[in-house]
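A quick write-up on the structure given underneath.
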Amino acid sequence: MQGARHVVCAVSGGVDSAVAALLLRRRGYQVTGVFMKNWDSLDEHGVCTADKDCEDAYRVCQILDIPFHQVSYVKEYWNDVFSDFLNEYEKGRTPNPDIVCNKHIKFSCFFNYAVDNLGADAVATGHYARTSLEDEEVFQQKHIKRPEGLFRNRFEIRNVVKLLQAADSFKDQTFFLSQVSQDALRRTLFPLGGLTKDFVKKIAAENSLHHVLQKKESMGICFVGKRNFENFILQYLQPRPGKFISIEDNKVLGTHKGWFLYTLGQRAKIGGLREPWYVVEKDSARGDVLVAPRTDHPALYRDLLRTGRVHWVAEEPPAALVRDKMMECHFRFRHQMALVPCVLTLNQDGTVWVTAVKAVRALALGQFAVFYKGGECLGSGKILRLGPSAYTLQKGRSTPSMAVEGSGSGRGDSPGRGTTL
Ligand SMILES: Nc1ncnc2c1ncn2[C@@H]1O[C@H](COP(=O)(O)OP(=O)(O)OP(=O)(O)O)[C@@H](O)[C@H]1O
């Protein structure tokens with residue numbers, strides 16, 4: 001009889017991956033923990049947080065009595081994630097480095113290392129997500145003792161694997177996994193997919209994993225940490241001074257150090273003004289940031305966008321979308337925002353138009369539109385073009401974000417509702 005199957009678990013030093021590794025051990029797998037060092041600098045207090053996290057990850061592996069490895073993807077992270085992050089900001093977009101990191105680092109570099117160097121049968125992470133395979137396996141294990149060979153079939157039979165939302169819908173992290181490849185997903189376990197965060201913490205407490213329980217949840221962009229975003233980004237991008245301009249009367253209200261410091265919907269602090277103003281447009285060509293006087297200003301609401309080429313997790317693209325050229329589903333463009341019903345229209349170049357049933361606040365170029373249908377995360381595409389806001393339509397003017405960008409040039413296709421962009 002063969003030995004237990006080998007699962008390499010990404011252990012970050014946090015509670016989720018610690019419990020993921022613990023559960024895998026309990027399921028009888030041979031587990032190895034790997035810590036990835038992706039960012040190599042000091043935090044706002046001059047402490048290298050990666051070193052502290054690595055120590056915590058090492059302790060997790062000691063407590064669980066599993067082998068520990070550390071790998072450095074500092075160079076890969078810089079080239080594939082951080083450079084993209086800076087480029088996107090320079091273009092006036094709002095990037096999502098966590099989605100890009102999962103695609104290029106965790107589910108590519110780490111996945112390949114685990115399989116090729118450590119001989120893993122599968123990898124695992126502490127993400128709150130599920131796959132269609134996971135469900136099948138649970139079902140099979142309920143009725144029969146897992147025979148040898150079942151595990152092998154699980155990874156070798158070329159069934160399409162779906163990415164499914166976690167049972168804990170508040171913690172669901174499929175948004176961040178929406179660009180993961182089918183090959184990696186096929187060999188990935190998400191042991192926390194059926195659990196709530198509270199339950200995960202309880203398991204950690206009951207199993208001597210107190211040191212990871214005390215850590216704070218990772219929030220925001222990991223490499224920025226608690227630092228002031230403006231100070232952080234200005235270490236890497238040259239200031240590009242420009243004007244704050246009121247969208248209502250084109251009045252110049254003040255100056256800023258660079259449009260890349262602002263995201264749509266964000267409150268802009270304009271020197272000397274006490275009343276709040278909100279960013280509604282960025283004109284990277286002129287360097288201006290257009291602002292509106294209310295957080296719910298109609299200039300912030302749009303119901304139409306176009307993505308770049310969509311990455312479909314399971315079906316490339318969904319058969320119904322190919323057949324009908326249109327498909328109803330839901331989307332979100334920020335983690336944990338409520339899902340928005342929408343209609344997708346497929347273009348020949350693999351991009352899609354997304355028409356939301358009602359206008360949503362603060363859609364921004366560069367964010368990912370992530371698509372869902374019936375609990376399944378279908379995939380995502382980067383937002384490269386926005387439709388007009390009700391306000392701009394009413395005023396009869398075009399805005400910078402409506403300009404053609406990158407792929408998705410709008411050649412001869414339309415969202416199918418008579419909108420002209
Ligand atoms: N530096 C790292 N080294 C190894 N694995 C990592 C690292 N960072 C993240 N991961 C993996 O990715 C998963 C999701 O990470 P993320 O930071 O988004 O979530 P989290 O809820 O804070 O997870 P955790 O509590 O395990 O830190 C982690 O559970 C872990 O499996």
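Indexing begins at 1, ligand by ligand and atom by atom, following the structure's order.
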Does ligand 1 come near enough to Ala18 that some N or O of the ligand is less than 3.5 Å from an N or O of the residue? no

By ring-ring contact (aromatic ring centres under 6.0 Å, His included), Phe175 pairs with (sequence neighbours left out) none

Which ligand 1 atoms are under 4.0 Å away from a heavy-atom of Ala10? 4 (C), 5 (N), 11 (C), 30 (C), 31 (O)

What about Ser17: any of its N or O atoms under 3.5 Å from an N or O on ligand 1? yes

Output yes when the distance from some N or O of ligand 1 to some N or O of Asp16 is under 3.5 Å, and no in every other case. yes

Minimum distance, heavy atoms only, to atom 19 (O) of ligand 1: which one of Gln173, His335, His127 is it? Gln173

Under-4.0 Å salt bridge between Asp283 and Arg286: yes

Pick from Ser12, Ala129, Cys101, Gly13: the one approaching atom 7 (C) of ligand 1 most closely through a non-hydrogen atom: Ser12

Identified ring pair (Phe, Tyr, Trp, His ring centres under 6.0 Å) counterpart of Tyr89 within the set Phe229, Trp259, Phe232: Phe229

Residue pairs passing the side-chain hydrogen bond (donor to acceptor under 3.5 Å, both in side chains) test where at least one lies in residues 197-206, sequence neighbours excluded: Asp16-Lys197, Lys197-Glu217, Lys202-Glu206

Please list, in number order, the atoms of ligand 1 under 4.0 Å from a heavy atom of Lys106. 9 (C), 10 (N), 12 (O), 15 (O)

Going by distance only, is there an N or O of Met36 that falls short of 3.5 Å from an N or O of ligand 1? yes

Which ligand 1 atoms, with their elements, are less than 4.0 angstrom from a heavy-atom of Thr125? 31 (O)

For ligand 1, is Val34 a contact, meaning one of its heavy atoms is under 4.0 Å away? yes

Short question: side chain of Asn112, backbone of Ser108 - any donor-acceptor pair under 3.5 Å? yes

N/O to N/O below 3.5 Å, does that happen between Phe35 and ligand 1? no

Phe85 and Asn96, any side-chain heavy atoms less than 4.5 Å apart: no

